[in-house]
Structures are given as C-alpha cells and as structure tokens.
Amino acid sequence: MAAGPISERNQDATVYVGGLDEKVSEPLLWELFLQAGPVVNTHMPKDRVTGQHQGYGFVEFLSEEDADYAIKIMNMIKLYGKPIRVNKASAHNKNLDVGANIFIGNLDPEIDEKLLYDTFSAFGVILQTPKIMRDPDTGNSKGYAFINFASFDASDAAIEAMNGQYLCNRPITVSYAFKKDSKGERHGSAAERLLAAQNPLSQADRPHQLFADAPPPPSVPAVITSMTNAVAAGMPAFPPVPPPGALPPGIPPSMPPPPMSPVTAASQAAAAAGHPQVPLPFQTGALHPGE
C-alpha cells in the first residue's frame, strides 16, 4: 500500500475526500475506497505540530473512470457518523475557485481548522481546509483565517449568518477577503460573480441535497378543501338534518315521505294532543312501571 503525496500525472484519477473524522487513517481510507476500484495511493496531510490529519485526504485510483465511480457511490456516506465529501481533486485545485473567499477575524486561540470547517461547511462546499494564519515558529494562531467556498451563495450566507456571532466566547468578524496583489479590492465583486455563474463546475459541486428533492406531500382531497373553505366562510360544513317526516334535500315533493316507526308516530301524535309522550321501550319507566 502506497501512501504519500499524490503525483501530478494522475490528478484526473484522484479524488478529494473531505469531512473526515479524526479517527480515520490512511489504511482505513484505502480499504473504504477499494470498494469503488483499484487504489494506487492515499494521502492525508498532517498537522506539523500535532501530527494529526486535518480532516481531508486524497485517493488516487488506477483510472479516471474508477475515480468518477467513487464520487458517485461514496459522496456523503457516513464515516464515524460524519458525512464525507468526495469530489475530483483536479476540479478542486484548479477550476472551482470562483473567488468566494472570506476573511474571519478575532478568532480565539483555541479555534482550529476542524472547528472552522465544521462551523462554516453548513453554508456550502468548502474547497480547501480553512487556512488559519499561524506563527511559523510557535504554530500559534494569529487570530484570523480564510475560507474558500465553491459558490458565492455559500459565502454570502456565511457572512450574513456568522458576522458578529460568538465562537468560543469571542465575537468574530466575517467579510470578503482582500484580493492578492490588489489595491484594497475585495472578493465578491460583480465581475467575479458573473464569471462564477458561467462556470459549469461550480454548479455541479453543490452541497448534498438528497432530501431537498423529496416528493411534495400528497394533495388534500377536493372535498376536504371545500369543506374547510366553507367552515372558514362561516357556512355549515354539512347540510342541516331534516326534522322527522320531512323530505331530505334534493327529493321531489311528489315522492312520499319516508315511513316512520310506530314508536315515533305515537310520540308525535301524543305530543300534538297534549298528552305525555309514550315512553320508548328502552326507557326505565317502560321497563319498571311500578317504581
């Protein structure tokens, strides 16, 4: 099993794997992606101070077809309870950087790359591991970082939601980063957004939206809808029950009324003559007249 930096010659057959749990190792990554095709190499960049990997890695396959198949079947599966992201490494390195780069300031010294990734990946696809600027001698954080999103929709949402929010007991500042070699010009310009909208790869590398495409709930039957509308308008939901002996609605007057039971007829006759009603058979007085 080979492990080390991925060769430039086989970038098209290499996939980027992000969102990895700290327990994931290169042998485990090798065994997992072997299910998709022959693996040539794996590489997980390590932190120089802690020696731990930084939450992402690369898997090199024998052919580009194997890499494409791995993306289809492995993207967003859960590893140690966390969904992983699988994308073409060549696309991440070259074609997906649309300029949606944000600056995060006033960071607590304890904040690391993993915490930033876990926090900001909720807004969209992050192309590379968040870059916390550190002192080259001590490795301590300088208190600010940069994150490169795959789309301006994601970076806009991150800035709107996170600017001024508390992260590890400090209010952070989130804004578009300044462009390199520019005189005070920030990312997020109209020109950058226009170019990003024309980039087909940026449209293909959207966050996983499996449940966003779920079928709509079943429609409410028309009868129930009409009844609901009638109740809302103050109308009775059901037609009134006709009195005994009356014709139900819709029956022509020429039709004879429905027959009444003898008990009902006797009760109505007694009430019309001013006599007490005949007790029904199931009433107590009829069953026990002496009481």
Counting only N and O atoms by type, is there a donor-acceptor contact under 3.5 Å from the side chain of [X] to the main-chain atoms of [Y]?
{"X": "His187", "Y": "Val98", "value": "no"}
{"X": "Arg85", "Y": "Asn75", "value": "no"}
{"X": "Asn163", "Y": "Val174", "value": "yes"}

Side-chain donor-acceptor distances from residues 134-146 under 3.5 Å, at least two apart:
| from | atom 1 | to | atom 2 | distance (Å) |
| --- | --- | --- | --- | --- |
| Arg134 | NE | Glu113 | OE2 | 3.2 |
| Arg134 | NH1 | Gly139 | O | 3.0 |
| Arg134 | NH2 | Glu113 | OE1 | 3.2 |
| Arg134 | NH2 | Glu113 | OE2 | 3.3 |
| Asp135 | OD1 | Asp137 | N | 2.8 |
| Asp135 | OD1 | Thr138 | N | 2.9 |
| Asp135 | OD1 | Thr138 | OG1 | 3.4 |
| Thr138 | OG1 | Asn140 | N | 3.2 |
| Thr138 | OG1 | Asn140 | ND2 | 3.3 |
| Ser141 | OG | Gly143 | N | 3.0 |

Is the NZ or CZ atom of Arg186 both under 6.0 Å from the centre of the six-membered ring of Tyr176 and within 45° of that ring's axis? no

Compare all side-chain heavy atoms of [X] with those of [Y] and state whether any distance is below 4.5 angstrom.
{"X": "Gln35", "Y": "Met74", "result": "yes"}
{"X": "Ser155", "Y": "Asn101", "result": "no"}
{"X": "Ile172", "Y": "Met162", "result": "yes"}

Over all atoms of both residues, closest heavy-atom pair of Asp66 and Pro38: OD2-CD, 3.4 Å

Considering non-hydrogen atoms only, spot the tightest contact between Glu110 and Asp108 and give its length. N-OD1, 2.8 Å

Applying salt bridge (charged side-chain N to carboxylate O under 4.0 Å, His left out) to Asp112 and not counting sequence neighbours gives none

Mind checking whether Tyr16 and Phe58 have ring centres under 6.0 Å apart? yes

